[in-house]
Amino acid sequence: MKNLVEKLPDQQPALRVMAMPPDTNQYGDVFGGWIMSQVDLAGSSIASRVANSRTATVAVTSFTFKEPVWVGDVVSFYATVLKVGTTSITVDVTVFAERLHKDNHRIVKVTEAQLVFVALNKDGSPQPVYRADNPAPEKTE
C-alpha cells in the first residue's frame, strides 16, 4: 500500500474529526464532498490567521483522492501556507486517516489539495494581507 505512512506529521493539525455514518455514500465510503468541505475548513483556518481577517476560497488548484475514508477513521487535516500574495494566500492541505478500527491501526494519506483564499474586509471586499513586508495602512480619522 503506497499511501501507508509510519506516523502522522510532527505538526499540529488544522482540523481532526472522526468520520461518521451520516458522512457516507451508499457503498459505506465517506463522501468526497464531505472530505472537500473539511479540507476547505482546515485551509481557511490557517489562511484567516495569516490574513488576520475573514477569508474566502477563490480557487481549488488541485485535489487528489488517494484512498477512501471509512466510518470510524480519525481524519487529520494538515495545512501549510505555500504562498502569500497581495490579497491571496495559497494553502496546501494534506489529509491522513488513522484506521483505528481496522488494519491494526494503520495510517494512510488519503487526500492532497491546494486551495487559494482571498483576504476580505468587513464589507466582504478583497483587502491586502497584512504582514511585515506589507504592513497595515495608517488609519486616518
Between [X] and [Y], is there a shared hydrophobic cluster once you connect ILVMFWY residues whose side-chain heavy atoms come closer than 4.5 Å?
X: F96; Y: F63; value: no
X: F65; Y: V5; value: no
X: V69; Y: I107; value: no
X: V95; Y: L15; value: yes
X: V110; Y: V91; value: yes

| message | V60 vs Q114, test: side chain to side chain contact (heavy atoms under 4.5 Å, CB included). Steps then yes/no. | response | CA-CA 6 Å; V60 177; Q114 288 186 5; over 6 Å; no
| request: May I ask you to say whether K109 pairs ionically with E67, meaning some side-chain N is under 4.0 Å from a carboxylate O? | output: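 No, this pair does not count.
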What distance separates [X] [atom1] from [Y] [atom2], expressed to the nearest 0.5 Å?
X: S88; Y: F117; atom1: OG; atom2: CZ; value: 11.0 Å
X: L100; Y: H105; atom1: CG; atom2: NE2; value: 5.0 Å
X: K2; Y: K66; atom1: NZ; atom2: NZ; value: 6.5 Å
X: I89; Y: T57; atom1: CD1; atom2: OG1; value: 11.0 Å
X: S44; Y: L115; atom1: OG; atom2: CG; value: 9.0 Å
X: M18; Y: D23; atom1: CE; atom2: CG; value: 11.5 Å

Using residues 75-82 as the side-chain source, report each donor-acceptor pair under 3.5 Å to any protein atom, sequence neighbours left out, with the distance given to one decimal.
unit_1	atom_1	unit_2	atom_2	d
S76	OG	R16	NE	2.7
S76	OG	R16	NH2	3.3
Y78	OH	R16	NH2	3.2

| query | With distance as the sole test, does N121 use its side chain to make a donor-acceptor pair with the main-chain N or O of D123 at under 3.5 Å? | reply |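 Present.
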| message | Closer than 3.5 angstrom, by distance alone: can the side chain of D73 be matched with the main-chain N or O of W70 as a donor-acceptor pair? | response |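 Checked: pair present.
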| task | Please name all residues satisfying side chain to side chain donor-acceptor pair (under 3.5 Å) with T55, sequence neighbours left out, ordered by chain then number. | result |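 Counting only residues at least two positions away or on another chain, T55 forms a side chain to side chain donor-acceptor pair (under 3.5 Å) with S48.
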| task | Output all residues satisfying side-chain contact (heavy atoms from CB on, under 4.5 Å) with R54, sequence neighbours left out; order by chain, then residue number. | result |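 L120.
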| More than 12 heavy atoms from other groups under 6.0 Å of CD on Q26 |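 Yes.
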| query | Counting heavy atoms not belonging to N25, are there more than 12 under 6.0 Å from its CG? | reply |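 Counting neighbours around CG of N25, more than 12 heavy atoms of other residues, nucleotides or ligands fall under 6.0 Å, so yes.
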| said: Between S53 and Q127, do the side chains contain a donor N or O and an acceptor N or O under 3.5 Å apart? | reply: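 Present: a donor and an acceptor within the cut-off.
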| field | Minimum side-chain heavy-atom gap V116-T61 below 4.5 Å | value |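 A side-chain contact exists here, since the closest heavy-atom pair is under 4.5 Å.
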| query | Taking side chain as C-beta onward, heavy atoms only, is T111 less than 4.5 Å from T94? | reply |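 T111 vs T94: side chains apart.
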| request: Locate the shortest heavy-atom distance separating V118 from P126; write the atom from each residue and the value. | output: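 So the two residues come closest at CG2-CB, 3.9 Å.
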